[in-house]
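The structure is given below, and queries will be raised subsequently.
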Amino acid sequence: MELVDKYMFSFFQDMDALGIRRPNIQPRASMHILDMIEMIKGLIEKGHAYVVDGNVYFDVSTFPDYGKLSGIKYEDLIKHRIEPDPRKRNPADFALWKKAERGYLLKWNSPWGEGFPGWHIECCVMVMKYLGEQIDIHGGGQELILPHHENEIAQAEAYTGKKPFVKYWLHTGFLTINGEKMSKSLGNFISIKDALKKYEADVIRMFILSAHYRSQIDYNEESLRQAEINLTRIRETLDKLHELTEEAKPGGKSPPEVENARKSFIEAMEDDFNTPRALAEIRRLVRAANSYLTTQSRPEVETLKAYYDEILELSRALGLLQDYTPKKSGYPADVSKILDILLSVREELRKRRLYDISDDIRNKLEKIGIIVEDTATGPRIRFLRE
RNA sequence: GCCCGGGUGGCCGAGCGGUUAGGCGGCGGGCUGCAGACCCGCUCUACAGGGGUUCAAAUCCCCUCCCGGGCUCCA
C-alpha cells in the first residue's frame, strides 16, 4: 500500500504539472475486493463462471460475443503461447478469482478460500459502482484491448445482461522515442519529469495534439521543436492582437473567418477527436488574424477582439494556454519608462543613420530577453518567455 | 506461427474511392538601413513494393517487405 501511495503521488504530480485536470473520482481496486467478490458470486449464479479448487473462471462459452472488440475469432482464441491451466474447461476461459499459493502476500478471504481477484473485474466493479451499468466512453492504451477490455465486456455484459457495456472505446497509440519503443533494457525511456525540465507543459501538449490519439507518436527533438514553434506562433499572435486593441479604432465586427474556423474546429473534434485537424483550424485563424494586421494600418477593435477571443477559446478547448495572459514587460513602471527613453534615443540614432550604435542597443537588449522589432509604425518590443 | 493496427513529399502529420489538409524546413517576393516578426507565392508525377478491381485508387482486393500491438493469470 505504501508503494501504491508513492507512485500515485508521483503520478498526480506529473499530471498536475502537465496541466491535466484530476478526475472527480479515483477509486482504488484494493478498496473494492468485497464488491468484486459479490460480482463473481453473481456470475457463478448466472452460470457464467465456475469454481475449480479455489479458483473461479469465467466460462467464455456462455458469452458468444467474446472477441467482438478485438475481432479475434474463437479458433484463434484457443491458441496460446503459455500453457493454460489444465483444470480450465476451455483454454479461453479467464480467471475471476485466483487461489493464493503458499507464501503469496497479496491475498484476501473469499467464499472460495484465500486468494486475489483476476484483475480484470475491478474495472467493471468500479465503473458500475460509480458510473452505472453502461457507460459512454472507456479509454486505455491499445495494448489493453485483448484480453483486458475484452474480459471487461464479457464480465459486465454477462452480469447485467445489458449491452453494450461501453459505447465508445478510445484506445491510444504508443509513444516511441527516436523511432524506437521505450524500454528499460534499451535505456531510452524518458520520464514526464525529465521531459518537463526540457519543454514546458504546453509544448508537450501541443506535440501530443499534433497527432491523432490512436496513432503511435514519436518523441524526438525535431517534433518537439516544431510543437514549440507552433505554440509560440499562436501566443505571439495573441500578444499582438491584445496589444493593438488598446490603440485600435472603434467599430469592426467578427470576420467570417472566425465563424468558419469555429465550425470546422468543432467538426474536426466531433470526428473522433481529430486534433491535428482542429489545430490546423487554429493556425488558419492565426494566419487570418496576422493577415488582417498587415493589411490594416488602423485595425478595428471589435475585429481584433473577435480574433483574439476565438483563438484563445479554441486553444483552451484543447487544454492549451490555460494560464495564458498577454505578455507584458513585468518590469516596474520606472524601468518601463527608462526603456521607452532608450528606445526613443535609438530611434533618433536610426534617423541619423548611426546604425552601428542602434544595432548594438538592439543586440544588447536581446541578450537580456527584450526583442526590439522595427516596424512601419515604430519599434515594437517583445519579451521572451522564460 | 497466428490475429489486429500501421507504412503519406527533406521532416512532422491529416485524409481512407473523384475535390487545396495543415505545419516545420527550403526557395522567391513584400515590408525593412539591416535583422526579426508578419504577409503573399513556390517547394505539386507524396502516398512501402508488385499485381489487380474501377470511368476514376494514397483510399477497395490479393501477394511481398518493414514497423507497432496482442496471443489469457501485468492491468
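Because the structure is a prediction, the values reported are computed rather than measured. Convention: sequence-line order gives letters A, B, ...; per-chain numbering from 1. Because only heavy atoms are used, hydrogens play no part in the values below, and waters and symmetry mates are left out as well, while side chains stay in.
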Spacing of CD1 belonging to A:I137 relative to CG belonging to A:L131, to within rounding of 0.5 Å: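 Between atom CD1 of A:I137 and atom CG of A:L131 there are 11.5 Å.
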
Geometric class of the A:Y199/A:Y219 ring pair [parallel <30°, tilted 30-60°, perpendicular >60°]: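 If you compare the ring of A:Y219 with that of A:Y199, the planes turn out perpendicular.
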
Rounding to an integer number of angstrom, what distance separates B:rA37 and B:rC71 when you compare their P atoms? 49 Å

Whole-Å gap separating P (B:rG69) and NE2 (A:H148):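 Between P of B:rG69 and NE2 of A:H148: 19 Å.
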
How many Å lie between CG on A:L279 and P on B:rC12, as a whole number?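 Spelled out: CG on A:L279 to P on B:rC12 is 18 Å.
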
Select one nucleotide: of B:rG36, B:rG23, B:rA21, the one nearest the side-chain heavy atoms of A:T375. B:rG36

Just say parallel, tilted or perpendicular for the rings of A:W112 and A:W97, cut-offs at 30° and 60°. tilted

Side-chain donor/acceptor contact of A:Y57 with base of B:rC73 under 3.5 Å: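 Side chain to base: pair present.
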
Check this one for me: any side-chain N or O of A:K88 less than 4.0 Å away from OP1 or OP2 of B:rC73?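 A:K88 to B:rC73 OP1/OP2: no side-chain N or O under 4.0 Å.
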
Roughly how far apart, to the nearest Å, are B:rC73 and B:rC66 at atom C1'?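 It comes out at 33 Å once rounded to the nearest Å.
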
So, are A:R225 and A:E228 salt-bridged, with charged N and O less than 4.0 Å apart? no

Establish, yes or no, whether the cationic atom of A:R235 lies under 6.0 Å from the six-membered ring centre of A:Y324 and within 45° of the ring axis.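 So A:R235 doesn't make the cation-pi contact.
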
Separation of B:rC38 C1' from A:I371 CD1 (nearest whole Å): 14 Å

Among the nucleotides B:rA37, B:rG68, B:rG70, whichever has the atom closest to the side chain of A:R382 is B:rA37

Give A:Y355 one of three labels, base, sugar-phosphate or nothing, depending on what nucleic acid heavy atoms sit under 4.0 Å from its own. base

Scanning all shown strands, the Watson-Crick or wobble mate of B:rU53 with both distances under 3.5 Å is none

Would you classify A:F116 as touching base, sugar-phosphate or nothing, given that sugar-phosphate means primed atoms plus P, OP1 and OP2, and contacts are heavy atoms under 4.0 Å?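 No contact at all - A:F116 keeps every heavy atom at 4.0 Å or more from the nucleic acid.
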
Under 4.0 Å, heavy atoms only, any strand: does A:R225 hit a base, just the sugar-phosphate, or nothing?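 Answer is sugar-phosphate: A:R225 comes under 4.0 Å of backbone atoms only.
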
Select base, sugar-phosphate, or nothing to describe what A:E373 touches, counting heavy atoms under 4.0 Å on all strands.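 Answer is base: heavy atoms of A:E373 come under 4.0 Å of a base.
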
When A:E114 is tested against each of A:K107, A:K99, A:K98 for salt bridge (charged side-chain N to carboxylate O under 4.0 Å, His left out), which residue passes? A:K107

Whole-Å P distance, B:rA57 and B:rG17: 14 Å

To the side chain of A:P276, which of B:rG13, B:rG68, B:rG70 is closest?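 Closest of the options to the side chain of A:P276: B:rG13.
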
For the pair made of CD1 in A:I381 and P in B:rA35, what is the distance, rounded to whole Å? 22 Å

Take atom CD1 of A:I145 and atom C1' of B:rG68, then tell me their distance rounded to the nearest Å. 12 Å

In whole Å, measure the gap between the C1' atoms of B:rG10 and B:rU43 for me. 11 Å

For a quick check of understanding: with a heavy-atom distance under 4.0 Å over all strands, which category does A:N274 fall into, base, sugar-phosphate or nothing? sugar-phosphate

From CZ of A:R350 over to P of B:rA35, roughly how many Å is that when rounded to an integer? 12 Å

Does A:D218 have any side chain to side chain contact (heavy atoms under 4.5 Å, CB included) partners at least two apart in sequence or in another chain, and if so, which? A:T176, A:N220

In whole Å, I'd like the distance from the CD1 atom of A:I370 to the P atom of B:rA37.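 In whole Å, B:rA37 P and A:I370 CD1 are 18 Å from each other.
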
Looking at B:rC34, B:rC11, B:rA37, which one has an atom nearest to any side-chain atom of A:E222? B:rC11

Under a 3.5 Å cut-off for both distances, is B:rU45 Watson-Crick or wobble paired, and to whom?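 Base partner found: none.
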
Considering only side-chain heavy atoms of A:R287, which listed nucleotide, B:rC39, B:rA35, B:rC73, is closest?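 Nucleotide nearest to A:R287's side chain: B:rC39.
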
The side chain of A:Q226 lies closest to which of these nucleotides: B:rC73, B:rG23, B:rG68?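 Out of B:rC73, B:rG23, B:rG68, the nucleotide with an atom closest to A:Q226's side chain is B:rG23.
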
Touch check for A:H120, heavy atoms < 4.0 angstrom, all strands: base, sugar-phosphate only, or nothing? base

Base, sugar-phosphate or nothing for A:S215? Non-hydrogen atoms, less than 4.0 Å.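 Touches sugar-phosphate only.
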
If you assign each of A:L146 and A:T295 to its closest nucleotide in RNA chain B, which residue comes earlier from the 5' end?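 Upstream on the strand: A:T295.
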
Between the side chains of A:E221 and A:K198, is the shortest nitrogen-to-carboxylate-oxygen separation below 4.0 Å, so that they form an ion pair?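 Looking at A:K198 and A:E221, the cut-off is met.
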
If you look at every strand shown and take non-hydrogen atoms under 4.0 Å, does A:D374 touch a base, only sugar-phosphate, or nothing? base

What interatomic distance, in whole Å, is found between P of B:rC2 and the corresponding atom of B:rU20?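 Taking atom P in both B:rU20 and B:rC2, they lie 42 Å apart.
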
For nucleotides B:rG6 and B:rC16, find the distance between their P atoms and express it as a whole number of Å.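 After rounding to an integer number of Å, I get 12 Å for this pair.
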
Any donor-acceptor pair under 3.5 Å between the side chain of A:R277 and the base of B:rG22? no

Partner lookup for B:rG28, please. Criteria are Watson-Crick or G-U wobble with both distances under 3.5 angstrom; report none if nothing qualifies.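 Paired with B:rG28, as far as the under-3.5 Å criterion goes, is B:rC40.
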
If I take atom CG in residue A:D218 and atom P in nucleotide B:rG6, what distance separates them, rounded to the nearest angstrom? 19 Å

Could you identify the nucleotide paired to B:rG1, looking across every strand shown and requiring Watson-Crick or G-U wobble geometry with both distances under 3.5 Å?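 B:rC71 is the nucleotide pairing with B:rG1.
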
Any N or O donor-acceptor pair linking the side chain of A:R380 to the base of B:rA37 at under 3.5 Å? no

Using atom C1' of each nucleotide, how far apart are B:rG23 and B:rC65 to the nearest Å? 31 Å

Have A:K193 and A:S10 got a donor and an acceptor in their side chains that come within less than 3.5 Å? yes

Look at all strands and tell whether A:E366 reaches a base, only sugar-phosphate, or nothing, counting heavy atoms closer than 4.0 Å.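 Counting heavy atoms under 4.0 Å across all strands, no contact is made by A:E366.
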
Taking for each residue the nucleotide of RNA chain B bearing the nearest heavy atom, is the 5' side occupied by A:I229 or by A:S223? A:S223

Applying the Watson-Crick and G-U wobble criteria at under 3.5 Å, what pairs with B:rG9? Answer none if nothing qualifies.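 Check on B:rG9: unpaired, no WC or wobble geometry under 3.5 Å.
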
Interatomic distance at C1', B:rC31 relative to B:rG41, whole Å: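 Going atom to atom, C1' in each nucleotide, I get 15 Å.
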
Any base atoms under 4.0 Å from A:D359, or only sugar-phosphate, or nothing? Heavy atoms, all strands.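 Base contact.
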
With heavy atoms under 4.0 Å as the rule, sort A:R233 into base, sugar-phosphate or nothing.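 Since only primed, P, OP1 and OP2 atoms lie under 4.0 Å of A:R233, the category is sugar-phosphate.
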
Considering only side-chain heavy atoms of A:A95, which listed nucleotide, B:rA21, B:rC73, B:rA35, is closest?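 Nearest to the side chain of A:A95 among the choices is B:rC73.
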
Under 4.0 Å, heavy atoms only, any strand: does A:A227 hit a base, just the sugar-phosphate, or nothing?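 No contact.
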
